[in-house]
Number of protein chains: 2
Amino acid sequence: MSSRQKILDTAAALIHTRGFYHTSIRDILQAASVTKSNFYYHFESKEQLAFVVLGERMRQFYAIAIGPSIDNHELGPLERFEAFFDRILAIGRSEAGELGCPFGNLAQEISAVHEPLRRVLSTFFEACTEAMERCFEEGMGTGVFPPELPAKQLAGFIFAQIQGAFLLRKTYKDPEVLESNIGMLRGLIRDWSGRPRSPTMPSP
Amino acid sequence: MSSRQKILDTAAALIHTRGFYHTSIRDILQAASVTKSNFYYHFESKEQLAFVVLGERMRQFYAIAIGPSIDNHELGPLERFEAFFDRILAIGRSEAGELGCPFGNLAQEISAVHEPLRRVLSTFFEACTEAMERCFEEGMGTGVFPPELPAKQLAGFIFAQIQGAFLLRKTYKDPEVLESNIGMLRGLIRDWSGRPRSPTMPSP
DNA sequence: GGTTTAGAACCAACCGGTCGGCACTATCCG
DNA sequence: CGGATAGTGCCGACCGGTTGGTTCTAAACC
């Protein structure tokens, strides 16, 4: 693997676990076995590295988790959400999932102190939410969801729920939290679609 | 105000905005106009300061936001949740609310790197969730909520939602996110209680 | 031969933390 | 009553180490 890629990968991992400001360039370079001069040959600063790492991971996440589920027009809207939750759960169950959502972590850390990075994350979050919103709207068009559904509000609600669940999964060090919250979301989506609920969910 | 209290207050504010690791003792002392030796007279380390600040704020939050609402036995279970949401919204609308939830922020920052602080926050989160759980159970006993309600799961769901909403409110720099998500929660609670929904919420 | 890498020395600024000492007050003892 | 003692609150100077970032030479590699 190229030095540049080694830096990017170890930087992503270290920033995920320790946070951006709590990770020094020396930490990254030592873990990646790359010299400092080499780092500054490939990147112009620690800040620019953050943009590159973030951009790479955003594309990666969208391609793995959202593209094949929420954006997958071969599935019906309900199946898309199911597939999406499956992928979120797979991430949450993995070793990296114990560290929380890398984007949520970074957003928490820098939103109040680094406006340019905040804007990148904000745009990315909006893109994810809008993908869900479109999924709802399509379902409203085909009758899977009732036509009066507040699609945007629901999409934002689901996104916030997932972020909160990842935070608690990290704080409690317990993957069960994610399972429970995603289970609740599955039940709610079925509710909104008018389908019967799963047996573990309460009926109003 | 005593030097000690000045340190505690400015430390709480700075940690809230910049994070614990991204806030230096010098930053705190300069903002509080207190000298370093004076700091080390009152606190034994930056780490210990974190525990003191956190403990103070946790007590404060519980007394202001949960005690008079979720734990208020003069109100019915539904009214307690309403009162709780009112208080959460008031915090979210305030200037400090723009910085997200101080506990959620800290949990995000230290959960993976500082086990003792993580444990304090984890216990605190559990206490908040259990307060809601008890509220649900009381309502189930008096018939306000149906008896088969999964109280613990719902309490965890609400807590995660609030945390996620605060994170997005911070990332988007938009208080509306919180309003919308809390509005959704209000609707869900009414659903679970069997009462009629508010008009902006979709009916299953 | 241009791209990539290694190595090392170096910088100013900053980090958490320590040092001895200086006022002020309250108490105790003769 | 007066002087020694002890505790409190505070100060400026200073410590070793780390931070992000720079600059150089020289060797690999395609």
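- If you take NZ of B/Lys46 and C1' of D/dT18, they are 13 Å apart, rounded to a whole angstrom.
- The one candidate from A/Asn181, A/Asp191, A/Leu78, A/Asp86 that meets the side-chain contact (heavy atoms from CB on, under 4.5 Å) condition with A/Arg186 is A/Asp86.
- Between B/Phe157 and A/Phe157, the two ring planes are tilted [angle within 30° to 60°].
- Spacing between atom NE2 of A/His22 and atom C1' of D/dT19 amounts to 13 Å, rounded to whole angstrom units.
- Contact of B/Arg26 with C/dG16 (side chain to base): a donor-acceptor pair of N or O atoms is detected under 3.5 Å.
- On a pure distance criterion of 3.5 Å, no polar donor-acceptor pair joins the side chain of B/Ser24 and the base of C/dG16.
- Annotation: side chain of B/Thr35 is not in contact with side chain of B/Phe39 (no heavy-atom distance under 4.5 Å).
- Residue-level contact check: A/Ser37 touches the bases, meaning some heavy atom is under 4.0 Å from a base atom.
- For DNA chain D, no neighbouring residue in residues 108-120 of chain A is found when judged by any heavy atom under 4.0 Å.
- Nucleotide D/dC10 holds its P atom 12 Å from the CG atom of B/Leu29, rounded to whole Å.
- Considering only side-chain N and O atoms, B/His42 lies under 4.0 angstrom from the phosphate OP1 or OP2 of D/dC10.
- Distances shorter than 4.0 Å separate some side-chain N or O of A/Asn38 from OP1 or OP2 on C/dA6.
- In this pair, B/Phe81 and B/Phe136 present their aromatic rings tilted. The plane angle is within the 30 to 60° band.
- Comparing A/Asp27 and A/Glu44 by the nucleotide of DNA chain D whose heavy atom lies nearest to each, the residue mapping closer to the 5' end is A/Asp27.
- Atom CD1 of B/Ile7 and atom C1' of D/dG9 are 11 Å apart (whole Å).
- For A/Ser3, the listed nucleotide lying nearest its side chain is C/dA6; candidates were D/dC11, C/dA6, C/dG17.
- Atom CD in A/Gln48 sits about 16 Å away from atom C1' in D/dT22, given to the nearest Å.
- At whole-Å resolution of the value, OH in A/Tyr41 and C1' in D/dA27 are 15 Å apart.
- Judged by distance alone with a 3.5 Å cut-off, no donor-acceptor contact links the side chain of A/Lys36 to the base of C/dG7.
- Neither OP1 nor OP2 of C/dT18 sits under 4.0 Å from any side-chain N or O of B/Tyr40.
- Checking A/Met1 against B/Glu47, the closest nucleotide of DNA chain C that is more toward the 5' end is the one next to A/Met1.
- Side-chain contact check for A/Asn105 and A/Glu109: no donor-acceptor pair (N or O, by modelled atom type) lies under 3.5 Å.
- Side chains of B/Ser69 and B/Asn72: a donor-acceptor N/O pair is absent below 3.5 angstrom, by distance only.
- In this model, the phosphate group of D/dG9 is not approached by any side-chain N or O of B/Ser2 to a distance below 4.0 Å at OP1 or OP2.
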Full working for side-chain contact (heavy atoms from CB on, under 4.5 Å) between A/Arg169 and A/Glu179: CA-CA 9 Å; A/Arg169 190 251 131 103; A/Glu179 313 269 351; over 6 Å; no
